[in-house]
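As structure tokens, the structure follows; a few thoughts come after it.
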Amino acid sequence: METFKYKIELITPTIMGGADANHLDTDKIRTSEIKSIMRTAFRFVAGKYINHNKDGFKRLLEKEGEIFGSTKNKAKFKIFVENTENLRTKTIFLLPHKYISHDRKTYKKAVPKEAVIENQTFYLNFINYNPEKYPTDFYKALLKIAFLFGIGNRRNRFTGNMKLSNETFSLKDEVQIIDKICKDLFKVEPKSVDEPAFFSHTEKSDGRKNYRVFSLPLKTSFIRNGRLDFENILRTLYEKVIHKVEKQKDIKGILGSSAKPRQSSFVNFSLYKQNGSYRVFIISAYYKNRF
């Protein structure tokens, strides 16, 4: 058994939600949400080691259950948070572009949510029950990708981005660390996947990637006195990007749909902070969303 502790920095407001969805309350930071996105990070990489059909997904769930726990197995690790009771929160509006006036006093249809605000820290404690098979770096890599994807409500719209304090980040490096574990776990080499069934780090048989990762510096106009002007970031995202994409009939579906059957977004918008500078990450992936 091995124990370790990480200091976690909140980069963007994080919305975990509370027990009652009709009230503006919050559960601060939920370990269940962190583990959920760690699973997503694992699937993102492990997707290249299975056939993308029902049998392949069943195999993925079996291997995933060995690590994260299932009805048959206990999880190989445990996490719990520390120093979260004093985290400050505030009400933010998820659709600030729908304000009638930009003085933020008059608005229509703007959705208010209670969020844990950015520029704060908490601690994440880990217990690793099998460090010989699943070393610390494996979990660290899963955490880094999970925090880039975002945690909690509206996580693909710049909310819930965090980082491990004093740690550098390279998506390529983190994927390589997870790949080493996956090769041993699945006992196969990466497969070509022409029609992935979920968001995954896969390539087609002709070598083309099923995913794209773009990164660019955040403009200084979105930073005031060293802090993010988060509502301005959201307003710009919706006005300059999302609304323009939705007007294009041939591509509007890439941002998801609430119509039945519900379609998740193929694009994830997130922010990362390193060496005092913010970067925008846009991660997109093609998948058929079914088996």
Side-chain angles (χ1 to χ4, degrees), residues 8-17 24 26 28-30 33-34 36-38 40-41 44 87-99 102 104 107 109-122 143-164 169 171 199 211-246 252 254-256 258 264-274 276-285:
I8 308 299
E9 299 178 18
L10 285 91
I11 298 175
T12 62
T14 300
I15 306 167
M16 288 292 178
L24 296 177
T26 178
K28 296 293 176 68
I29 303 295
R30 295 187 197 172
E33 291 279 356
I34 296 176
S36 175
I37 305 304
M38 287 177 69
T40 300
F44 177 67
L87 290 176
R88 302 185 306 280
T89 65
K90 71 174 182 179
T91 299
I92 66 172
F93 291 91
L94 298 181
L95 304 175
H97 59 288
K98 292 193 174 182
Y99 286 124
H102 288 279
R104 304 199 316 166
Y107 59 90
K109 296 183 181 179
V111 181
K113 287 285 186 179
E114 192 76 5
V116 182
I117 60 176
E118 67 278 12
N119 291 342
Q120 299 186 89
T121 61
F122 67 94
L143 275 174
K144 288 182 177 181
I145 295 177
F147 287 156
L148 179 68
F149 285 164
I151 292 172
N153 190 273
R154 295 293 181 94
R155 66 176 181 82
N156 62 350
R157 296 290 187 268
F158 288 128
T159 65
N161 295 133
M162 308 177 189
K163 65 166 293 188
L164 277 66
F169 174 80
L171 183 60
F199 192 95
Y211 66 93
R212 292 289 187 275
V213 181
F214 304 93
S215 171
L216 64 158
L218 180 69
K219 290 184 177 181
T220 56
S221 58
F222 295 108
I223 304 171
R224 293 183 179 180
N225 300 320
R227 300 181 68 93
L228 291 176
D229 186 353
F230 190 71
E231 289 185 357
N232 189 21
I233 290 173
L234 282 187
R235 183 183 298 114
T236 303
L237 173 67
Y238 277 91
E239 291 178 346
K240 304 296 185 181
V241 180
I242 293 178
H243 290 170
K244 288 187 176 181
V245 170
E246 289 177 340
K252 68 177 183 179
I254 67 172
L255 297 179
S258 58
S264 299
S265 176
F266 293 94
V267 183
N268 188 97
F269 299 95
S270 59
L271 282 171
Y272 193 77
K273 187 178 182 182
Q274 191 159 285
S277 299
Y278 291 95
R279 294 193 70 84
V280 176
F281 277 82
I282 303 171
I283 306 173
S284 64

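Computed from a prediction, not measured in an experiment: that's the story for all the values here. Only this structure's heavy atoms are used, side chains among them; waters, hydrogens and symmetry mates stay out.
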Mind checking the CZ-CD1 spacing from Arg88 to Ile117? Nearest 0.5 Å is all I need. 4.5 Å
Donor-acceptor contact present, side-chain Thr12 to main-chain Phe158, <3.5 Å: yes
Output for pair (Gln120 CD, Glu9 CD), nearest 0.5 Å, gives 11.5 Å
Donor-acceptor pair, side chain of Ser270 and main chain of Gly150, under 3.5 angstrom: no
Check whether Lys144 reaches the backbone of Phe169 with its side chain - one donor and one acceptor, N or O, closer than 3.5 Å. no
Any donor-acceptor N/O pair, Asn161 side chain to Leu271 backbone, under 3.5 Å: yes
4.5 Å side-chain heavy-atom contact, Met162 and Leu143: no
Shortest non-hydrogen contact from Ile92 to Glu231? CA-OE2, 4.3 Å
Would you say the side chain of Phe122 lies within less than 4.5 Å of the side chain of Val116, judging by non-hydrogen atoms? no
Taking all non-hydrogen atoms of both residues into account, name the closest pair between Arg157 and Leu234 and its distance. O-CD2, 3.4 Å
Test side chain to side chain contact (heavy atoms under 4.5 Å, CB included) on Asn156 and Val267 and set out the steps. CA-CA 7 Å; Asn156 62 350; Val267 183; over 6 Å; no
How far does OG1 of Thr89 sit from NZ of Lys113, to the nearest 0.5 angstrom? 13.5 Å
Taking the side chain as every heavy atom from C-beta outward, state whether Tyr272 and Gln274 have any pair of such atoms under 4.5 Å apart. yes
Take the angle between the ring planes of Phe44 and Tyr211 and call it parallel below 30°, perpendicular above 60°, tilted in between. perpendicular
Do side-chain atoms of Asp229 reach the backbone of Ile223 as a donor and acceptor pair under 3.5 angstrom? no
Would Ile151 and Met16 count as a side chain to side chain contact (heavy atoms under 4.5 Å, CB included) here? Give the steps. CA-CA 8 Å; Ile151 292 172; Met16 288 292 178; 3.2 Å; yes
We want to know whether Arg279 and Ser215 form a side-chain donor-acceptor pair, criterion being a heavy-atom distance below 3.5 angstrom. yes
Asn268 and Leu148: which non-hydrogen atoms are nearest, and at how many Å? ND2-O, 4.1 Å
What closest approach, in Å, do Ala115 and Ile15 show between heavy atoms, and which atom pair accounts for it? CB-CG1, 3.7 Å
Would you say the side chain of Thr14 lies within less than 4.5 Å of the side chain of Leu87, judging by non-hydrogen atoms? no
Would you say the side-chain atoms of Thr121 pair up with the backbone N or O of Ile8, donor to acceptor, closer than 3.5 Å? no
For a quick test of reading the model, state the closest non-hydrogen atom pair linking Ile11 to Glu118 and the distance between them. O-CB, 3.2 Å
Kindly give the heavy-atom pair with the smallest separation between Phe199 and Phe266, and that separation in Å. CE1-O, 4.2 Å
Verdict with supporting geometry, Ile29 and Ile34, side chain to side chain contact (heavy atoms under 4.5 Å, CB included): CA-CA 8 Å; Ile29 303 295; Ile34 296 176; 4.0 Å; yes
Determine, step by step, whether Phe222 and Thr236 satisfy the side chain to side chain contact (heavy atoms under 4.5 Å, CB included) criterion, reporting the C-alpha distance in whole Å, the side-chain angles of both residues, the deciding distance to 0.1 Å, and the verdict. CA-CA 10 Å; Phe222 295 108; Thr236 303; 3.3 Å; yes
Tell me, please, which residues at least two apart from Thr40 pass side-chain contact (heavy atoms from CB on, under 4.5 Å). Ile37, Phe149, Arg155
